Amino acid sequence: MEETISLQDIFRILKKRLAMITVITLLATAASAIITYFFMTPKYEADTEILVNQSLKDQTQFNMNVVQANVQLVNTYSDIIKSPTILKDVIDKLHLDLTPDELQGQLSVESKQNSQVFAVSVRDENPAKALKIANTIAEVFADKIPTIMSIDNVSILSKARLAADGHPVAPKPTLNMAIAFVVGLMVSVGLAFLLEYLDNTIKTEEDIEQFLELPVLGAVMEASANDLRAASKARAARRMGGEGVEA
């Protein structure tokens with residue numbers, strides 16, 4: 001027989017396990033905050049923009065075909081700028097203690113659709129170092145691309161710059177804590193339903209009726225010593241009262 005659960009049962013389970021759900025959610029959020037603030041190293045990001053466009057002195061007139069060709073080259077240039085050919089020269093020039101693969105991990109290239117401009121971003125624990133790497137990558141790329149592609153149509157549109165507020169771009173404490181809160185809540189709610197599903201003990205009269213499919217005729221209540229003494233005194237008082245009436 002297929003088991004179903006009503007909305008009332010859902011609220012009952014959540015209410016029953018509310019303390020556990022609250023504790024797990026708060027612990028997950030607190031753990032995320034501690035890891036973010038005390039164990040994760042802040043990273044800064046520097047951005048520079050590169051323009052793919054032939055200089056006006058090399059063009060007799062504005063040619064739309066040339067513009068479209070430059071736009072199509074942006075994707076190719078995005079791959080070239082992340083290649084070891086460029087990054088190894090950057091490492092040698094700045095005397096970085098990095099491999100090309102490690103430097104590539106700090107580098108991201110973003111281009112907009114139908115745009116001749118693409119942005120190069122570098123992340124590093126040191127903001128000044130991030131700026132220097134970003135600028136050097138742009139300079140090395142602009143110097144080497146005529147040799148690589150046999151075409152001189154690259155210029156640096158803007159020097160590298162940090163975010164306006166100067167704050168690190170990673171980690172993001174608010175986002176990390178929000179994610180931890182949601183994950184902790186989902187895990188704790190799932191655990192609450194799992195524990196309820198695995199709990200096959202009989203606790204209430206309704207459980208007995210559901211398990212035996214028989215009505216409950218009576219219940220034996222658990223009584224403490226104080227309850228028994230109070231009941232005994234009540235019976236004695238009733239007897240004394242009855243004897244007084246007979247007299």
Side-chain angles (χ1 to χ4, degrees), residues 1-47 97-99 101-110 119-131 133-134 160-213 216 219-227 230:
M1 184 175 63
E2 186 177 341
E3 294 185 7
T4 60
I5 184 169
S6 65
L7 189 61
Q8 186 177 6
D9 291 333
I10 292 175
F11 282 111
R12 177 183 60 80
I13 294 171
L14 294 178
K15 183 178 180 181
K16 177 181 175 182
R17 308 283 183 178
L18 182 60
M20 182 195 72
I21 293 172
T22 303
V23 169
I24 292 177
T25 303
L26 292 178
L27 284 177
T29 307
S32 173
I34 292 172
I35 292 172
T36 300
Y37 283 107
F38 297 102
F39 293 96
M40 297 182 71
T41 305
K43 291 190 176 182
Y44 298 83
E45 186 174 80
D47 302 307
D97 187 20
L98 296 171
T99 65
D101 288 339
E102 290 173 338
L103 181 56
Q104 187 180 42
Q106 298 180 230
L107 175 67
S108 62
V109 181
E110 182 181 355
V120 178
S121 302
V122 176
R123 288 191 177 189
D124 196 85
E125 300 171 7
N126 187 324
K129 187 177 178 181
L131 279 171
I133 293 175
R161 61 190 182 279
L162 293 172
D165 55 9
H167 292 163
V169 295
K172 298 180 179 179
T174 304
L175 178 61
N176 291 351
M177 291 170 65
I179 293 174
F181 178 85
V182 173
V183 172
L185 184 62
M186 292 173 62
V187 169
S188 59
V189 169
L191 182 60
F193 282 100
L194 178 62
L195 292 176
E196 190 68 21
Y197 176 77
L198 296 177
D199 186 5
N200 56 5
T201 58
I202 296 175
K203 296 182 177 63
T204 64
E205 291 85 352
E206 290 79 5
D207 293 339
I208 297 174
E209 291 180 346
Q210 183 178 3
F211 182 74
L212 298 177
E213 298 182 355
V216 177
V220 178
M221 305 299 293
E222 181 180 358
S224 64
N226 291 333
D227 294 333

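These values consider heavy atoms only, across backbone and side chains, with no hydrogens, waters or symmetry-generated copies. Everything quoted here is computed from the prediction, not taken from an experiment.
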(request) State, yes or no, whether a side-chain contact exists between L18 and K15 at a heavy-atom distance under 4.5 Å. (result) no

(message) Regarding S32 and N176, do their side chains bring together a donor and an acceptor under 3.5 Å, going by distance alone?
(response)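 Judged by distance alone, the side chains do not pair up.
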
Residue [X] excluded, over 12 heavy atoms near [atom1] under 6.0 Å:
X	atom1	value
D199	CG	yes
M186	CE	no
E102	CD	yes
K16	NZ	yes

Search all heavy atoms of [X] against all heavy atoms of [Y] and return the closest pair with its distance.
X	Y	value
A28	G184	CB-CA, 3.9 Å
A180	T29	CB-CA, 4.1 Å
Y44	A130	O-CB, 4.1 Å
Q106	D124	NE2-OD1, 3.0 Å
I21	L14	CD1-CD2, 3.9 Å
S188	L185	OG-O, 2.9 Å

Calculate, to the nearest 0.5 Å, the distance between atoms [atom1] and [atom2] belonging to [X] and [Y] respectively.
X	Y	atom1	atom2	result
D47	R123	CG	CZ	9.5 Å
L131	L162	CG	CG	4.0 Å
I34	M177	CD1	CE	10.0 Å
L195	I13	CG	CD1	10.5 Å
R17	L194	CZ	CG	9.5 Å

(request) Decide yes or no on side-chain contact (heavy atoms from CB on, under 4.5 Å) for F181 and L26, but give the supporting numbers first. (result) CA-CA 7 Å; F181 178 85; L26 292 178; 5.5 Å; no

(request) Identify whether the distance between the nearest side-chain nitrogen and carboxylate oxygen of E45 and R161 falls below 4.0 Å. (result)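 Judged by the 4.0 Å cut-off on N to carboxylate O distance, E45 and R161 do not form a salt bridge.
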
(request) Applying side-chain contact (heavy atoms from CB on, under 4.5 Å), run through L107 and I133 and close with a yes or a no. (result) CA-CA 9 Å; L107 175 67; I133 293 175; over 6 Å; no

